[in-house]
Amino acid sequence: MELDQSRTPLFSAIKMIEAKGITPFDVPGHKRGKGLKELKEHLGEQVFEMDINAMVELDNIFNPSGVIKEAEELAADLYGAEKSFFLVNGTTSGLQTMIMTLCKTGKKIILPRNVHRSITAGLILSGAVPIYLKPEYNNQLGIAMGVTPENVEKTIKENPETEVLLLTNPTYYGVTSNIKKIIEIAHSHGLYVIVDQAHGSHFRFHKDLPLCALEAGADMIAMSLHKTGGSLTQSSLLMVNNKSIDADIVRTYLNLIQTTSPSHILLSSIDVARKQLALEGNKLLEQVLEVSRYAREKINNLESFYAFGPDLLGNAGVFAFDESKLGIYVKELGLTGYEVRDILYYEYNIQIEMADLYNILCIISLGDDYKSIDRLINALEDIKEKHCKAAYDQFFEKELIIPEVIVSPRDAFYSRKKVVNLEDSIGEISGESVMAYPPGIPIIAPGERITEEIIEYINLLKEQNSSMQGPVDPLLNQIRVLGF
Ligand SMILES: Cc1ncc(COP(=O)(O)O)c(C=O)c1O
């Protein structure tokens, strides 16, 4: 780090403007909250004082040359990147910008099939053609792991004209692939490597956490600072770390999709969270790891639960593990992850991040302490006493389904479509994505062939009360397929 990380140029400029007491004849129209009294009473004055338009001292996000430029330079300096961009539309916009910058229409991109829906949207926006890697799969837990260097190398050799590889670091459950080795392989074949590090903005700040993709040599990465870095929801970072990628072109693509009215509350939260990570990140993450280890140990001492973690290291596709992701296998209880999620919420007032058929996922981060962890442990213990049933038969134990891509996501998205009953869609090409959210990984994406196995899986998730998203029909009785 070369710059003074104790500075917060953007946040300081906003505070300076607040102190001026300017009379606003510009937007936002609530005029410092006077026009929305109920919310102001609830949130307090300060939030409205900060919700201001881009004044001359506040720079502009489209072509920064003042305090936003400085704040972005500080973020790049902290993460060791050439260039950083502040995002107010989440990592979603960063991923889409990376894909659009490097993948022109019709060009191939290699990526794991279990990517987030925002990447599918990036494929639609860019017109890139996906070549999917099959991630490794843990049959006991029923979840996908990372990808192996061997699989990546084989796929690159089979598709020599590909120019871009996309990796996810880490998966939702905290697993990372051997990204350093994979990036070396990709670079040796002349590919750019872009990384979805939505769940890993904290990686750089503790030696016991997996490697940040920038340290592993990635060319571009996007990170949700709001997920694990402490900033406010929607605020994220995009980083470029390769001089041959023109940062002005990256900005041009970002400007296509980013709002013209960025919230200064969100932008300052990036500035302040970056400072906190720089000055105190290591200490704070030491505490996060300490309580995560405590939670894992306690939960593993309760029979019927298995809090998986670093014990998975060495399994196929598991190179490193982020211990702050507390995945708990609940199948031995005789309940599904969805049932445990609902019991925790409705009976114990505990909100977890995500559930699937066999597991629940709790995120431990900067705001957690022993008190919050003990509440979770006590609730799990109580659930075991009150709800434990005989372990159920394994109702779905199949590898991740990798559908056949028939047309590119973009061509499918823009094709004419007809609506058919879900049960009648077998053999058709999907015109839309279907996913359980979270995790938001499409089970079927536009352009892919729908099979009996896929319908079976969707029906199973519907029965389990999983929150399904994507299709125009919210009940998912019908689906749009290509044709007319
Ligand atoms: C793996 C992954 N990538 C990308 C995203 C999108 O991030 P954001 O919500 O910051 O737009 C998510 C969101 O949950 C995610 O889980």
Side-chain angles (χ1 to χ4, degrees), residues 75 84-100 109 111-125 130 132-133 135 143-147 166-177 179 193-203 210 212-213 218 220-239 253-254 257-259 262-263 266-267 269-270 273-274 317 321-322 324-327 351-356 359-363 365 400 433 435-443 445 466-470:
S84 96
F85 301 82
F86 280 14
L87 307 172
V88 289
N89 193 21
T91 294
T92 296
S93 58
L95 292 165
Q96 292 166 356
T97 300
M98 295 196 293
I99 298 172
M100 287 194 289
I109 174 171
L111 68 172
R113 177 57 179 73
N114 55 333
V115 287
H116 186 256
R117 59 176 293 175
S118 53
I119 293 173
T120 312
L123 299 177
I124 293 170
L125 290 169
Y132 287 122
L133 294 163
I143 52 178
M145 302 281 120
V147 292
L166 183 146
L167 299 169
T168 307
N169 187 57
T171 66
Y172 222 134
Y173 280 102
V175 170
T176 68
S177 312
I179 50 164
V193 182
I194 59 181
V195 177
D196 174 359
Q197 201 169 291
H199 295 274
S201 64
H202 57 305
F203 280 3
C212 170
M220 287 174 100
I221 81 168
M223 298 178 279
S224 299
L225 201 63
H226 67 93
K227 289 192 196 295
T228 56
S231 67
L232 295 183
T233 299
Q234 281 187 225
S235 60
S236 286
L237 287 167
L238 169 63
M239 304 252 161
Y253 281 105
L254 178 59
I257 52 176
Q258 183 135 274
T259 175
S263 156
L266 297 186
L267 291 174
S269 82
I270 303 181
R274 184 267 313 144
F321 195 91
D322 173 6
S324 70
K325 309 283 188 295
L326 182 63
Q351 172 71 53
I352 60 161
E353 173 69 13
M354 174 175 82
D356 63 37
N359 310 285
I360 59 170
L361 175 67
C362 304
I363 304 283
S365 66
L400 185 80
S433 291
M435 71 207 78
Y437 206 100
I441 294 164
I443 298 161
S466 166
S467 140
M468 301 301 285
Q469 283 188 15

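First listed ligand is number 1; within each ligand, the first listed atom is number 1. None of these values were measured; they are calculated from a predicted model.
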Whether the side chain of [X] engages the backbone of [Y] through a donor-acceptor N/O pair (distance < 3.5 Å, no angle test) should be reported.
| X | Y | result |
| --- | --- | --- |
| Q197 | A213 | yes |
| Q258 | V88 | yes |
| R113 | I443 | yes |

Which pairs of N or O atoms, one from ligand 1 and one from the protein, are separated by less than 3.5 Å, and what is the distance for each pair?
unit_1   : atom_1 : unit_2 : atom_2 : d
ligand 1 : 3 (N)  : D196   : OD1    : 3.2
ligand 1 : 3 (N)  : D196   : OD2    : 2.6
ligand 1 : 10 (O) : T91    : N      : 2.9
ligand 1 : 10 (O) : S224   : OG     : 2.8
ligand 1 : 10 (O) : H226   : NE2    : 2.7
ligand 1 : 11 (O) : T91    : N      : 3.1
ligand 1 : 11 (O) : T92    : N      : 2.9
ligand 1 : 11 (O) : T92    : OG1    : 2.6
ligand 1 : 14 (O) : K227   : NZ     : 2.9
ligand 1 : 16 (O) : H199   : NE2    : 2.7

Please tell me whether E353 and Y172 have a donor and an acceptor in their side chains that are separated by less than 3.5 angstrom.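 A pair is found: one side chain offers a donor N or O, the other an acceptor, under 3.5 Å apart.
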
Please list, chain by chain and in numerical order, all residues satisfying salt bridge (Lys or Arg N to Asp or Glu O under 4.0 Å) with D322, sequence neighbours excluded.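 Expected list: K325.
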
Using the side chain to side chain contact (heavy atoms under 4.5 Å, CB included) rule, pick out the option among K227, M223, H226 that qualifies with S236. H226

